[in-house]
Amino acid sequence: MDKQKKQWLKLMGAALKKAAEDKGLDQSEFTDRIIVEHPPRPEMGDLAFPMFPFAKDFRTAPPTIAAAVIEALGEDIPGTVKTAGPYVNVFLDRSALIADLIADSSDETYGTSDLLAGQKIMVEFSCPNTNKPLHLGHLRNDAIGESISRILMASGAEVQKVNLINNRGVHICKSMLAYQKFGEGVTPESSGRKGDHLVGDFYVKFNQWSKEDETAEAQAQDMLRKWEEGDKGVVALWELMNKWTIDGISETYKNTNISFDRYYYESDTYLSGRDEVVKGLEAGVFYKDEDGSIRLDLSDIGMDTKVMLRSDGTSVYMTQDLGTAIARHGDFPFDRLIYVVGAEQEYHFQVLFHALKKLGYSWADMLFHLSYGMVNLPEGKMKSREGTVVDADDLLKTLSDMASEEIRNKDRAEAVGDVEETGQKIALAALHYFLLQVSPYKDMIFNPKESLSFNGNTGPYLQYMSARISSMLEKFEEKKEDYAGISPDYSVLSSDAEWELVKNLSSYPSAVRTAAADLNPSAVACHLYDTAKSFSRFYHDCPILGSDDKVLTVSRINLARAALQVLKNGFELVNIPFLSKM
RNA sequence: GCGUCCAUAGCUCAGCUGGAUAGAGCAUCGGCCUUCUAAGCCGAGGGUCAGAGGUUCGAAUCCUCUUGGACGUACCA
């Protein structure tokens, strides 16, 4: 559709100019002000050009201009035009557009572009703590980060996905301490408990214990100090338990199709961050406060001061992020670094970016905080203390089980083959679609009862449509000989349902472009829903294999194939597994 | 207090750079399985786009104020 839009913009520009000349006006910048739209109802046309903006220049009512423009367009145009009050509505040459679509959408490159060619973009996301398993909030982060990365790649950028493991700090020591006291040597192997959950259990245990024993917090601090000093026993335990957690979390990543090109560990970067702060102090960017801490003065951007290094010389979150950013630019000289991090850390990133700028790093302007909203429950925030946190693995398991049960209830077990595997893929579709259909920056509500549905505007609905197309195409392949030598004729695809589907499929690339420009996967997710819905209507209204007209069958098959390709390509971008059967 | 963000159907969410009668799903009610998978399709009801001003030929969209909410304003991450 892009091609046609551009073509019509040009035609419309020329026509406006001609109409202006006829009136004795000389307005050469008309073309910049032309707006293309889509009429609200299909029977009104495919493209709409409002004439309001030119009313002043022409000193005429828009409908009159519309008529003049149509006059100026003449007869020799690819399609037909009609005035609709102040609008010039265009009806595109359908068969030409369909032929273009079929040709363009033949493979996985449909929807990709070179919009960001040559750009190196680093995307940071997930960033778990190593003291507990992932929860629903992480799943949103992961879904956004992974999807954004894929969308940017599809737009031609060279993308590096990075994860920062927060494996250092007193919260880690709390799990360790509880393990020392109550663990009795239990391991993930001996208990059969997934490593991250096992470590998380001890984190919970610590919090219970600290209520009874008021020295608990101090003991944890003491352990952190020992860790920083390199105490062998503490470091060994730290390494062991970190491995458990990371192994467990990695399994969750694997189950959700999330991956990283590179891992950074806070334990590696906090020291280099400290060096940077010291350098910054010497350079006069930072200053030493009366209390001994090293700070950044932010009064120039209307904020207070911020601690870069504690008075005892230990590092804070900021210290570490400073070191990490600098290390990253060395590893991968990015044109853009996108931090996918919750909105509650906006202040932190403002300070971080400002600090880097003041330290003289020219690339500080290329840092971007993709600030996303929280996932809340109907009763409010998820609170670990109240045990209302939705665990990622539990949620996935619940969804998978529900999907598997659904398969059996519908007597599809035999058709799909591996019920459990299919169930997992349906679960992923449900989850990722649910998380990505919402604009990232908005808070969202997860209602377990309602959100776990597989009907309606959901991921499984999208999968269902792709599965139906697949099995139909399979059937077509079986009787392919019957259609040998039959060529498609797209002028036979004249129903509303077909045309709506064609228009949707044609605008898929622009949905991907929007998603890339706005860093918003929901543009793709929502477009795919429209695709599935359009296909569904087409499929319902238009017999394909059942038609006696072989030309019609072949033409519709090609359209269905295009729909499947769009769904498949889009699924890849929003991390929804494709199923040929369900 | 100050700062940032949000407010669209009973609920969960779309609504592209301002444009024609504001859209989906869920829920409610009513149709459709002798025909390509009913996880489907079709239809009905449901809206003062939080409120008030303003800009504009034209506002859910831009500006100002008010109200309600979230988050932040740590030598936590």
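If you're wondering where the values come from, they're calculated on a predicted model, not measured in any experiment. Labels below follow one simple rule: chain letters A, B, ... track the order of the sequence lines, proteins then strands, and each chain is numbered from 1.
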*Asks:* Using atom C1' of each nucleotide, how far apart are B:G58 and B:A24 to the nearest Å?
*Replies:*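 Comparing C1' positions in B:G58 and B:A24 gives a spacing of 26 Å.
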*Asks:* Could you work out, with side chain to side chain donor-acceptor pair (under 3.5 Å) as the rule, every residue matching A:Ser506, not counting sequence neighbours?
*Replies:*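 Per chain and number, A:Ser506 pairs via side chain to side chain donor-acceptor pair (under 3.5 Å) with no residue.
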*Asks:* When you check every protein heavy atom under 4.0 Å of nucleotides 69-77 of chain B, what one-letter string (B, S, -) results, 5' to 3'?
*Replies:* -SSSS-BSB
*Asks:* Do A:Arg33 and A:Asp57 sit within salt-bridge range, that is, some charged N less than 4.0 Å from a carboxylate O?
*Replies:*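 Salt bridge flag = yes for A:Asp57 with A:Arg33.
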*Asks:* Are A:Arg408 and A:Glu420 within salt-bridge range, i.e. N to O under 4.0 Å?
*Replies:*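 Salt bridge present between A:Arg408 and A:Glu420.
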*Asks:* Rounding to the closest angstrom, what is the interatomic distance between B:G3 and B:A74 at atom P?
*Replies:*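 15 Å, rounded to whole Å.
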*Asks:* In whole Å, what separates the C1' atom of B:C36 from that of B:U48?
*Replies:*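 These two C1' atoms come out 47 Å apart once rounded.
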*Asks:* Does B:A14 have OP1 or OP2 under 4.0 Å away from a side-chain N or O of A:Ser439?
*Replies:*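 Yes, within the criterion.
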*Asks:* Do the non-hydrogen side-chain atoms of A:Tyr317 and A:Val307 ever get within less than 4.5 Å of each other?
*Replies:*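 The answer is no; the side chains never approach within 4.5 Å.
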*Asks:* What is the distance from CG of A:Leu545 to C1' of B:U37, rounded to the nearest Å?
*Replies:*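 After rounding, the reported distance stands at 13 Å.
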*Asks:* Under the side-chain contact (heavy atoms from CB on, under 4.5 Å) test, which residues partner A:Val36, sequence neighbours left out?
*Replies:*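 Counting only residues at least two positions away or on another chain, A:Val36 forms a side-chain contact (heavy atoms from CB on, under 4.5 Å) with A:Lys5, A:Leu9, A:Leu47, A:Phe49.
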*Asks:* What pairs of donor and acceptor atoms, side-chain ones from residues 429-440 of chain A against any protein atom, are under 3.5 angstrom apart with sequence neighbours left out?
*Replies:*
| residue | atom | partner | partner atom | Å |
| --- | --- | --- | --- | --- |
| A:His432 | ND1 | A:Asn575 | O | 2.7 |
| A:Tyr433 | OH | A:Asn457 | OD1 | 2.5 |

*Asks:* When you measure from the centre of the six-membered ring of A:Tyr483, is the NZ or CZ of A:Lys550 under 6.0 Å away and within 45° of the axis?
*Replies:*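 Judged by the rule, A:Lys550 and A:Tyr483 form a cation-pi pair.
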*Asks:* Can you confirm whether A:Met582 sits close enough to A:Arg412 that some side-chain heavy atom of one is under 4.5 Å from a side-chain heavy atom of the other?
*Replies:*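 Side-chain contact under 4.5 Å: no.
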*Asks:* Just list the side-chain donor-acceptor pairs under 3.5 Å for residues 512-523 of chain A, sequence neighbours left out, or say none.
*Replies:*
| residue | atom | partner | partner atom | Å |
| --- | --- | --- | --- | --- |
| A:Arg513 | NH1 | A:Asp2 | OD2 | 3.2 |
| A:Arg513 | NH2 | A:Asp2 | OD2 | 3.1 |
| A:Thr514 | OG1 | A:Ser510 | O | 2.9 |
| A:Asn520 | OD1 | A:Ser522 | N | 3.0 |
| A:Asn520 | OD1 | A:Ser522 | OG | 3.0 |
| A:Asn520 | ND2 | A:Ser522 | OG | 3.4 |

*Asks:* Using O4'-C1'-N9-C4 for purines and O4'-C1'-N1-C2 for pyrimidines, with syn meaning within 90° of 0, is B:C33 syn or anti?
*Replies:*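 It is syn.
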*Asks:* Starting at atom CE of A:Met444, determine the distance to atom C1' of B:C13, rounded to an integer number of angstrom.
*Replies:*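 From A:Met444 CE to B:C13 C1': 9 Å.
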*Asks:* Determine the Euclidean distance between corresponding C1' atoms of B:A70 and B:G54; express it in Å to zero decimal places.
*Replies:*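 Comparing C1' positions in B:G54 and B:A70 gives a spacing of 28 Å.
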*Asks:* Report, one pair per line, the protein and nucleotides 3-9 of chain B atoms (nitrogen or oxygen only) whose separation is under 3.5 Å.
*Replies:*
| residue | atom | partner | partner atom | Å |
| --- | --- | --- | --- | --- |
| B:U4 | O2' | A:Glu346 | OE1 | 3.1 |
| B:A7 | OP1 | A:Lys442 | NZ | 3.3 |

*Asks:* Figure out the CD/P separation between A:Glu474 and B:U37, and round it to whole Å.
*Replies:*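 From A:Glu474 CD to B:U37 P: 10 Å.
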*Asks:* Expressed in angstrom and rounded to an integer, what is the separation of A:Asp549 atom CG from B:C36 atom P?
*Replies:*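 From A:Asp549 CG to B:C36 P: 19 Å.
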*Asks:* Rounded to the Å, how far apart are A:Tyr464 OH and B:C36 P?
*Replies:*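 From A:Tyr464 OH to B:C36 P: 11 Å.
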*Asks:* Taking all non-hydrogen atoms of both residues into account, name the closest pair between A:Leu545 and A:Ile557 and its distance.
*Replies:*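 Where A:Leu545 meets A:Ile557 most closely, the heavy atoms are CD2-CD1, 4.1 Å.
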*Asks:* Would you kindly give the NE2-to-C1' distance between A:His540 and B:G43, to the nearest whole Å?
*Replies:*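 Going from A:His540 (NE2) to B:G43 (C1'), I get 12 Å.
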*Asks:* Using the side-chain heavy atoms of A:Lys410, tell me which of these nucleotides is nearest: B:A39, B:C36, B:C42.
*Replies:*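 So the side chain of A:Lys410 is nearest to B:A39.
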*Asks:* Please determine if A:Glu344 and A:Lys381 form a salt bridge, counting it only when a charged side-chain N lies under 4.0 Å from a carboxylate O.
*Replies:*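 Salt bridge absent between A:Glu344 and A:Lys381.
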*Asks:* Considering only atom P, compute the distance from B:G51 to B:C57 and round it to an integer number of Å.
*Replies:*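 Their P atoms lie roughly 25 Å apart.
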*Asks:* Please report the closest heavy-atom contact between A:Thr319 and A:Val316, naming both atoms and the distance.
*Replies:*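 The pair with the smallest heavy-atom distance is OG1-N, 2.8 Å.
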*Asks:* How far, in whole Å, is B:A9 from B:A14 if one measures between their C1' atoms?
*Replies:*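 Here B:A14 and B:A9 have their C1' atoms 13 Å from each other.
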*Asks:* By the 4.0 Å heavy-atom rule, please label A:Met582 as base, sugar-phosphate, or nothing.
*Replies:*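 If one applies the 4.0 Å heavy-atom cut-off, A:Met582 turns out to touch a base.
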*Asks:* Which atom pairs link the protein and nucleotides 48-51 of chain B when you take only N or O atoms and keep those under 3.5 Å?
*Replies:*
none

*Asks:* Measure centre to centre between the rings of A:Tyr339 and A:Phe349, then say whether the value is under 6.0 Å.
*Replies:*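 For A:Tyr339 and A:Phe349, the ring centres are under 6.0 Å apart.
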*Asks:* What string of B, S and - do you get for nucleotides 20-27 of chain B, 5' to 3', if B is base contact, S is sugar-phosphate-only contact and - is no contact with any protein heavy atom under 4.0 Å?
*Replies:* BB--SSS-
*Asks:* Work out which heavy atom in A:Leu298 is nearest to a heavy atom in A:His354; give both atom names and the distance.
*Replies:*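 For A:Leu298 and A:His354, the tightest heavy-atom pair comes out as CD2-CD2, 3.4 Å.
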*Asks:* Does any part of the side chain of A:Ser466, heavy atoms only, come nearer than 4.5 Å to the side chain of A:Phe571, both counted from C-beta?
*Replies:*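 The answer is yes, as the side chains (C-beta and beyond) meet within the 4.5 Å cut-off.
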*Asks:* Are A:Phe535 and A:Tyr539 close enough that their ring centers fall under 6.0 Å?
*Replies:*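 Under 6.0 Å, so yes.
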*Asks:* In residues 414-438 of chain A, which residues come under 4.0 Å of RNA chain B by heavy atom?
*Replies:*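 Close to the strand are A:Ile426, A:Gln437, A:Val438.
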*Asks:* Strictly by modelled atom types, are A:Thr130 and A:Asn242 linked by a side-chain donor-acceptor pair under 3.5 Å?
*Replies:*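 Checked: A:Thr130/A:Asn242 side chains pair up, N/O donor to acceptor below 3.5 Å.
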*Asks:* Under 3.5 Å, is there a donor on one side chain and an acceptor on the other for A:Trp499 and A:Asp46?
*Replies:*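 Indeed, the side chains of A:Trp499 and A:Asp46 share at least one donor-acceptor pair under 3.5 Å.
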*Asks:* Could you tell me how far apart A:Arg468 (CZ) and B:U35 (P) are, to the nearest whole angstrom?
*Replies:*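 Checked: the CZ to P distance equals 13 Å.
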*Asks:* Is it the case that the side chains of A:Thr269 and A:Glu266 hold a donor-acceptor pair, with the cut-off being a distance below 3.5 Å and no angle test?
*Replies:*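 Short answer, no.
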*Asks:* On the nucleotide B:G40, are OP1 or OP2 found under 4.0 Å from the side-chain N or O atoms that A:Ser536 carries?
*Replies:*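 A:Ser536 to B:G40 OP1/OP2: no side-chain N or O under 4.0 Å.
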*Asks:* Can you check the distance between B:C33 and B:C42, where both ends of the measurement are the P atom (answer in whole Å)?
*Replies:*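 After rounding to an integer number of Å, I get 16 Å for this pair.
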*Asks:* If you take all heavy atoms of A:Gln463 and A:Lys425, which pair is closest and at what distance?
*Replies:*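 For A:Gln463 and A:Lys425, the tightest heavy-atom pair comes out as NE2-O, 3.2 Å.
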*Asks:* Under 4.0 Å: is that the gap between some side-chain N or O of A:Tyr461 and OP1 or OP2 of B:C41?
*Replies:*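 For B:C41, OP1/OP2 do have a side-chain N/O of A:Tyr461 under 4.0 Å.
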*Asks:* Could you run down the sub-3.5 Å N/O contacts of the protein with nucleotides 57-60 of chain B?
*Replies:*
| residue | atom | partner | partner atom | Å |
| --- | --- | --- | --- | --- |
| B:C57 | OP1 | A:Lys56 | NZ | 3.3 |

*Asks:* Pick base, sugar-phosphate or nothing for A:Ile544, based on heavy-atom distances below 4.0 Å to the nucleic acid.
*Replies:*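 Base contact.
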*Asks:* Could you tell me if A:Ser547 and A:Asp549 have a donor-acceptor pair between their side chains, going purely by distance under 3.5 Å?
*Replies:*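 Short answer, no.
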*Asks:* List for me each residue that meets ring-ring contact (aromatic ring centres under 6.0 Å, His included) alongside A:Phe286, sequence neighbours excluded, and say none if there are none.
*Replies:*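 By the ring-ring contact (aromatic ring centres under 6.0 Å, His included) rule, A:Phe286 matches no residue at all.
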*Asks:* Does the ring centre of A:Phe454 sit less than 6.0 Å away from the ring centre of A:Tyr464?
*Replies:*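 Centroid separation for A:Tyr464 and A:Phe454: 6.0 Å or greater.
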*Asks:* To the nearest Å, how far apart are A:Tyr539 OH and B:C42 C1'?
*Replies:*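 So the OH-C1' distance, A:Tyr539 to B:C42, works out to 17 Å.
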*Asks:* Tell me the stems RNA chain B sits in, counting at least three consecutive Watson-Crick or G-U wobble pairs, each under 3.5 Å on both distances.
*Replies:*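 Stems found: B:1-7 with B:67-73, B:10-13 with B:23-26, B:28-32 with B:40-44, B:50-54 with B:62-66.
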*Asks:* Determine the interatomic distance between P on B:U8 and the same-named atom on B:A52; round to the nearest Å.
*Replies:*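 It works out to 16 Å between them.
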